[in-house]
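Below you'll find the structure, written out as structure tokens, and then a few comments.
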Amino acid sequence: MAEAEGKRERERERVRSPPNFAGIAVPISVFVLLLGLSFKSKPLTSPPSRLFTAQELALHNGTDDSLPILLAILGSVFDVTKGKSHYGVGGGYSHFSGRDASRAFVSGNFSGDGLTDSLRGLSSSEVKSVVEWRDFYFRSYTFVGKLIGVYYDSHGNPTKQLKGVEAKAARGAQLLEKQKKEEAKLPSCNSRWSQDKGGEVWCDNGYPRLIQRPLEIALTGKMSKRCACFKEDQLDQQGLEVYQGCEFPAKRCRV
């Protein structure tokens with residue numbers, strides 16, 4: 001009897017005691033680690049860009065609702081379907097859809113000859129603007145591929161023309177920065193215009209004079225002038241032009 005009671009007591013102790021998992025802790029941790037590795041997500045990769053011919057791109061001009069609306073600029077192709085109200089049929093920018101009309105982004109010529117990818121004859125400032133438009137589309141829309149032709153070859157590699165465009169744009173940016181620094185040395189005139197009184201320029205300190213912008217011809221291909229303020233002891237410098245109808249010592253001139 002005593003032996004039976006002792007056996008039952010040992011059984012009760014075994015039930016009350018918490019199980020000991022120390023011996024299997026390592027196998028469980030290894031299993032969890034392996035399980036986690038098996039479900040580890042693979043790094044996301046961008047799908048390879050597609051190569052378009054001009055004929056293929058032309059199909060994406062917004063006239064077929066089953067196809068996305070695409071445009072190209074400097075050979076880079078973008079999906080602009082989310083802007084369908086602008087790029088679709090009848091939209092204000094529909095002339096850009098289904099083609100590379102890089103030149104029109106700065107020329108404003110949306111006729112047949114103006115809707116071209118050629119930038120021949122454009123100034124470095126204008127080429128810089130086209131590159132900035134391309135950067136805008138990279139930021140705002142989805143890049144989907146490259147257009148085989150002037151700017152990319154049949155393997156999707158940039159051509160000599162594209163490299164030349166980007167180099168000219170970089171040169172334009174350098175000239176523009178240099179121009180800003182040079183012009184900062186001479187404060188610009190204050191100016192205003194109203195329909196009733198017309199235009200007026202004036203200087204708070206100094207005298208208004210027209211001067212040439214020497215870097216402008218490199219930037220835009222055209223020579224231009226700006227109004228700058230000169231102190232009295234600077235007025236004998238060459239190249240300073242008094243506004244027509246304005247007195248030599250005047251600090252305020254109608255234009």
Quick one: are [X] and [Y] in side-chain contact, heavy atoms under 4.5 Å?
X	Y	value
Val131	Leu74	yes
Asp64	Leu59	no
Val106	Leu122	yes
Val80	Tyr93	no
Arg50	Glu56	yes

Looking at [Y], is its backbone amide N or carbonyl O close enough to the side chain of [X] to form a donor-acceptor pair, meaning the two atoms are under 3.5 Å apart?
X	Y	answer
Asp100	Gly75	yes
Ser76	Ala72	no
Glu166	Lys163	no
Ser97	Tyr87	yes
Glu177	Gln174	no
His60	Pro68	yes
Thr159	Val150	yes

Atom [atom1] of [X] and atom [atom2] of [Y]: how far apart are they, to the nearest 0.5 Å?
X	Y	atom1	atom2	result
Lys168	Ser125	NZ	OG	10.5 Å
Lys231	Asn205	NZ	CG	8.5 Å
Leu147	Arg99	CG	CZ	12.0 Å
Cys246	Lys251	SG	NZ	12.5 Å
Leu71	Ser94	CG	OG	11.5 Å

For Leu51, which fellow cluster members are found when Ile, Leu, Val, Met, Phe, Trp and Tyr are connected by side-chain heavy-atom distances below 4.5 angstrom, either directly or through intermediates?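 Under the 4.5 Å side-chain rule, Leu51 groups with Ile148.
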Connecting only ILVMFWY residues whose side-chain heavy atoms lie within less than 4.5 Å of each other, what is the rest of Val201's hydrophobic cluster?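 The other cluster members (ILVMFWY side chains, heavy atoms under 4.5 Å, direct or chained) are Leu210, Tyr243, Val255.
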Taking all heavy atoms of [X] and all of [Y], pick out the closest pair and write down the distance.
X	Y	result
Val130	Ile73	O-CD1, 3.7 Å
Arg103	Leu119	NH1-C, 3.4 Å
Gly156	Lys146	O-NZ, 3.0 Å
Asp113	Thr116	O-CG2, 3.5 Å
Leu175	Ser124	CD1-OG, 4.2 Å
Cys253	Pro208	SG-CG, 3.8 Å

Salt bridge flag under 4.0 Å for residues [X] and [Y]:
X	Y	value
Glu182	Lys185	yes
Lys225	Glu241	yes
Asp153	Lys160	no
Glu132	Lys128	yes

Counting only heavy atoms not in [X], do more than 12 fall under 6.0 Å of its [atom1]?
X	atom1	result
Glu247	CD	no
Gln237	CD	yes
Tyr141	OH	yes
Asn157	CG	yes

Pairs satisfying disulfide (SG to SG under 2.5 Å), at least one member in residues 149-206, at least two apart: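 Listed once each, the pairs are Cys189-Cys227, Cys203-Cys229.
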Listed once per pair and sorted, the ring pair (Phe, Tyr, Trp, His ring centres under 6.0 Å) pairs that draw on [range], sequence neighbours left out:
range	value
residues 173-213	none
residues 148-174	none
residues 94-125	His95-Phe110, Phe96-Phe105, Phe96-Phe110, Phe105-Trp133, Phe105-Tyr137

Can [Y] be reached from [X] by stepping across I, L, V, M, F, W or Y side chains whose heavy atoms are under 4.5 Å apart?
X	Y	value
Leu70	Phe143	no
Ile211	Leu235	yes
Leu57	Val144	yes

Check Phe136, Phe138, Phe52 against Phe78 for a ring-ring contact (aromatic ring centres under 6.0 Å, His included) and give me the one that passes.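 Testing Phe78 for a ring-ring contact (aromatic ring centres under 6.0 Å, His included) against Phe136, Phe138, Phe52 leaves exactly one candidate, Phe138.
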Between the side chains of Ser123 and Glu126, does any donor sit under 3.5 Å from an acceptor?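 The criterion, which ignores hydrogens and geometry beyond distance, is satisfied for Glu126 and Ser123.
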With no hydrogens and no angle check, do the side chains of Ser111 and Asn109 hold a donor and an acceptor under 3.5 Å apart?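 On atom types as modelled, these side chains qualify, holding a pair under 3.5 Å.
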